[in-house]
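Everything on this sheet refers to the single structure shown next.
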Amino acid sequence: MTPGQPARQDYEYERRGSCSLFGAFQPRAGWRSVQVYGRRTAQDFAHFLQWLVDEHFPQAQVIRLVLDNLNTHTPAALYATFPPAEARRIARTLEFHYTPPHGSWLNMIEIEWSVLAHQCLGRRLPDAATVQREVDAWADRRNAQQATVRWCFGTEDARRAFQARYPTLLAADPRLASAAGQASPDHVRAVA
């Protein structure tokens with residue numbers, strides 16, 4: 001501080017904790033649910049899957065999951081958390097599908113996370129319980145509206161967008177190679 005200079009004050013960020021969000025989104029039904037956990041471990045993921053199977057879709061024969069490539073997002077998380085019979089019971093209902101590496105933007109839940117961040121989490125919340133209450137209220141509003149995602153990225157778009165990442169796959173299949181042109185993911189649109 002010197003005479004004639006404005007006073008300056010540094011901002012001190014005080015982190016008072018963090019939490020992880022696990023979400024499920026059923027786009028055709030306009031349904032979503034978000035659970036707040038203290039960490040992001042394989043066991044937390046396994047408990048989320050158990051909750052999804054037992055609480056939300058107990059009658060489902062198959063639940064198709066589209067997941068990013070996080071190391072905890074595997075069926076092994078179930079076996080690391082539950083006794084084998086319980087892990088097998090849960091796993092039998094689940095069908096795992098993974099987005100390509102660096103392609104988590106292909107997962108519609110990423111669009112929901114963006115909406116959640118803008119509509120609900122754009123401020124400091126004091127604790128995980130408050131986060132869960134706020135997220136539940138947000139999900140209830142979105143569910144009541146049956147808000148969904150209109151995905152505008154088709155098979156041909158995917159072939160063009162991923163030509164550079166998977167050239168051997170495209171070269172091996174003439175149908176894929178003929179459909180692939182020059183394109184990038186910036187033309188992808190999804191409306192939330």
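Just so it is clear, the model here is predicted, and its values are computed rather than measured. For the numbers below, each heavy atom of this structure counts, side chains included, while hydrogens, waters and symmetry mates do not.
- Here the shortest heavy-atom pairing between A46 and F82 reads O-CE1, 3.6 Å.
- Residues T99 and E110 fail the side-chain proximity criterion, which asks for heavy atoms closer than 4.5 Å.
- Side-chain N or O atoms of R142 include none that pairs as donor or acceptor with a backbone N or O of D140 at under 3.5 Å.
- Nearest approach of R88 to Y79, heavy atoms of both residues: CA-OH, 3.5 Å.
- Connection of L116 to F22 is not established within any shared hydrophobic cluster, with ILVMFWY side chains joined at heavy-atom distances below 4.5 Å, either directly or through further cluster members.
- Side-chain heavy atoms closer than 4.5 Å link hydrophobic residues (I, L, V, M, F, W, Y) into clusters, and following such links, even through other members, never connects W51 to V135.
- L70 CG to R40 CZ: the interatomic distance, rounded to the nearest 0.5 Å, is 4.5 Å.
- The two atoms that bring A24 and F48 nearest to each other are N-CZ, 3.9 Å, heavy atoms only.
- In plain terms, the two heavy atoms of N143 and W31 that are nearest each other are OD1-CA, 3.3 Å.
- Distance check, rounded to the nearest 0.5 Å: OG1 of T148 to CZ of R28 gives 9.5 Å.
- In the hydrophobic cluster analysis, where Ile, Leu, Val, Met, Phe, Trp and Tyr join through side-chain heavy atoms closer than 4.5 angstrom, L67 is grouped apart from I109.
- Around CD of Q61, the count of heavy atoms belonging to other residues, nucleotides or ligands within 6.0 Å does not exceed 12.
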Inset, instruction - Just do the side-chain contact (heavy atoms from CB on, under 4.5 Å) check on W138 and V34 with the steps written out, would you? - result: CA-CA 10 Å; W138 171 84; V34 179; 4.3 Å; yes

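- Interatomic distance, CG of L52 versus CD of Q35, reported as 9.5 Å (0.5 Å rounding).
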Inset, instruction - Show your working on side-chain contact (heavy atoms from CB on, under 4.5 Å) between L125 and R123 and close with a plain yes or no. - result: CA-CA 6 Å; L125 298 170; R123 64 204 189 312; 3.6 Å; yes

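- Under the 4.5 Å side-chain contact rule for hydrophobic residues, V53 and F96 share a cluster.
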Inset, instruction - Take Q26 and F57 through the test side-chain contact (heavy atoms from CB on, under 4.5 Å) and record every step on the way to the result. - result: CA-CA 11 Å; Q26 190 179 15; F57 301 107; 3.7 Å; yes

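- The two residues E134 and C120 come nearest to each other via the heavy atoms O-SG, 3.6 Å.
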Inset, instruction - Apply side-chain contact (heavy atoms from CB on, under 4.5 Å) to V149 and F25, showing your working. - result: CA-CA 10 Å; V149 170; F25 179 45; 3.7 Å; yes

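- Note: R39 CZ to S18 OG = 11.0 Å, rounded to the nearest 0.5 Å.
- Of all heavy-atom pairs between Y37 and H47, the closest is OH-C, 3.8 Å.
- In the displayed structure, H118 atom NE2 is contacted under 6.0 Å by at most 12 heavy atoms of other residues, nucleotides or ligands.
- Considering V36, D127, L21 as possible partners of Q132, the one that fulfils the side-chain contact (heavy atoms from CB on, under 4.5 Å) test is V36.
- Inter-residue side-chain proximity for Q119 and R141 is flagged as unmet; no heavy-atom pair is nearer than 4.5 Å.
- Cluster membership for L94 and V66, using ILVMFWY side-chain heavy atoms within less than 4.5 angstrom, is not shared.
- Two residues are said to be in side-chain contact when any heavy atoms from C-beta on lie closer than 4.5 Å; L65 and H73 fail this criterion.
- Put simply, the residue from L78, T93, D54 that forms a side-chain contact (heavy atoms from CB on, under 4.5 Å) with L49 is L78.
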